[in-house]
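Only one structure is covered here, and it is reproduced in the block below.
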Amino acid sequence: MQIEHIILAAMWIFGFLGFILFIPRKDLRKGLLAYLMFQAIIWLCDMPAFEFGLLSAPIREFPKATDLAITINYFFYPVLFSIYYVRKRGNGSMWSRVSYFLIWVLAVTLYDMIIESYTDLLEYGSLTWYGMWVYIAFLFFISEVCCNWFYKDKAMFQTERRQTT
């Protein structure tokens with residue numbers, strides 16, 4: 001079995017296990033929303049990235065480029081984002097929240113760089129490793145903003161409603 005097969009299978013297994021083990025049952029709805037939000041954002045951002053040659057996935061027999069795109073874009077990275085979103089602490093200091101965000105983005109970027117460097121599953125077109133870091137940080141940030149908007153703090157919402165009336 002090629003290393004590509006093992007990597008794809010490991011992403012599916014660890015994704016399912018991570019979603020089950022690291023997202024508490026009471027936060028399952030929040031985790032599913034974060035999962036779907038990241039899927040939508042990454043899909044919208046990957047269309048221009050592939051169109052303008054920033055990223056490319058070589059076409060070949062299994063594991064095809066579509067297998068990696070489905071695994072990473074529509075399953076594994078959204079699962080990682082949903083774990084990040086559910087497990088983050090909102091009441092910490094600004095420095096701790098920023099460092100938590102940067103650690104997650106760095107870990108996902110390192111994983112992506114390892115896949116690109118040591119396998120034939122993914123090729124960066126004209127995008128460098130720090131460009132991919134900025135790209136993943138952008139995806140995490142935009143998805144987090146959208147999820148935060150959906151899960152507004154009820155006390156803040158009540159204050160906003162009182163101010164408008």
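Small disclaimer: the values here were computed from a predicted structure and weren't measured.
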> So do the side chains of Leu139 and Glu144 get within less than 4.5 Å of each other, counting heavy atoms only?
Replying inline: no
>> How long is the straight-line distance from CZ of Arg25 back to CD1 of Ile20, given to the nearest 0.5 Å?
In response: 10.5 Å
>> Please determine whether residues Tyr130 and Phe52 belong to a single hydrophobic cluster, defined as Ile, Leu, Val, Met, Phe, Trp and Tyr linked transitively by side-chain heavy-atom distances below 4.5 Å.
In response: no
> Any side-chain heavy atom of Leu106 within less than 4.5 Å of one from Ile136?
Replying inline: no
>> With ring-ring contact (aromatic ring centres under 6.0 Å, His included) as the criterion, how do Phe16 and Phe75 come out once you've worked through the C-alpha distance, each side chain's angles and the decisive distance to 0.1 Å?
In response: CA-CA 9 Å; Phe16 279 119; Phe75 181 71; 4.9 Å; yes
>> Side chains of Leu36 and Pro78, heavy atoms from C-beta outward: is any pair under 4.5 Å?
In response: no
> If you measure only the distance, is there a donor-acceptor pair under 3.5 Å linking the side chains of Gln39 and Tyr77?
Replying inline: no
> Can Tyr135 and Asp46 be counted as having a side-chain donor-acceptor contact under 3.5 angstrom?
Replying inline: yes
> Is there any side chain to side chain donor-acceptor pair (under 3.5 Å) pair reaching into residues 7-24, and which pairs are they, with sequence neighbours excluded?
Replying inline: Trp12-Thr71
>> Run the salt bridge (Lys or Arg N to Asp or Glu O under 4.0 Å) test against Glu116 and tell me which residues pass, sequence neighbours left out.
In response: none
> Would you say Ser82's side chain and Val79's backbone share a donor-acceptor pair under 3.5 angstrom?
Replying inline: yes
>> Taking the side chain as everything from C-beta on, heavy atoms only, tell me whether Phe140 gets closer than 4.5 Å to Leu102.
In response: no
>> Assess the residue pair Tyr85 and Phe38 against the criterion (ring-ring contact (aromatic ring centres under 6.0 Å, His included)); give the C-alpha distance rounded to whole Å, side-chain angles, the decisive distance to 0.1 Å, and a yes or no.
In response: CA-CA 10 Å; Tyr85 186 74; Phe38 193 82; over 10 Å; no
>> Under the rule for side-chain hydrogen bond (donor to acceptor under 3.5 Å, both in side chains), what residues qualify as partners of Tyr111, not counting sequence neighbours?
In response: none
> Can the ring centroids of Phe81 and Tyr35 be said to lie less than 6.0 angstrom from one another?
Replying inline: no
> Roughly how far, to the nearest 0.5 Å, is CE of Met37 from NZ of Lys30?
Replying inline: 13.5 Å
> Closest approach of Ala34 and Cys147, non-hydrogen atoms and distance?
Replying inline: CA-SG, 3.6 Å
> Should Phe150 and Leu33 count as side-chain neighbours, where that means a heavy-atom distance under 4.5 Å?
Replying inline: yes
> Are the side chains of Met113 and Tyr118 in touch, meaning some heavy atoms are under 4.5 Å apart?
Replying inline: no
>> Check whether Phe101 forms a cation-pi arrangement with Lys88 (NZ or CZ under 6.0 Å from the six-membered ring centre, at most 45° off the ring normal).
In response: no
> With the 4.5 Å side-chain cut-off for hydrophobic clustering, are Tyr151 and Tyr100 part of the same group?
Replying inline: yes
> Could you state the interatomic distance from CG (Leu28) to CG (Leu32), rounded to the nearest 0.5 Å?
Replying inline: 4.5 Å
> More than 12 heavy atoms of other residues, nucleotides or ligands under 6.0 Å from CZ of Phe22: is that the case?
Replying inline: no
> To the nearest 0.5 Å, how far apart are OH in Tyr84 and CD1 in Ile103?
Replying inline: 10.5 Å
> CE of Met132 to CG of Asp112: how many Å apart, nearest 0.5 Å?
Replying inline: 4.5 Å
>> To the nearest 0.5 Å, what is the distance between CD1 on Ile42 and CD1 on Ile142?
In response: 13.0 Å
> Does the Ser117 side chain pair with the main chain of Ile114, one donor and one acceptor, at a distance under 3.5 Å?
Replying inline: no
> What closest approach, in Å, do Cys146 and Ile41 show between heavy atoms, and which atom pair accounts for it?
Replying inline: SG-CD1, 4.5 Å
> Which heavy-atom pair separates Pro24 from Val86 by the least distance, and what is that distance?
Replying inline: CD-CG1, 3.8 Å
>> Is it the case that over 12 heavy atoms from other parts of the model lie below 6.0 angstrom from the CE atom of Met47?
In response: yes
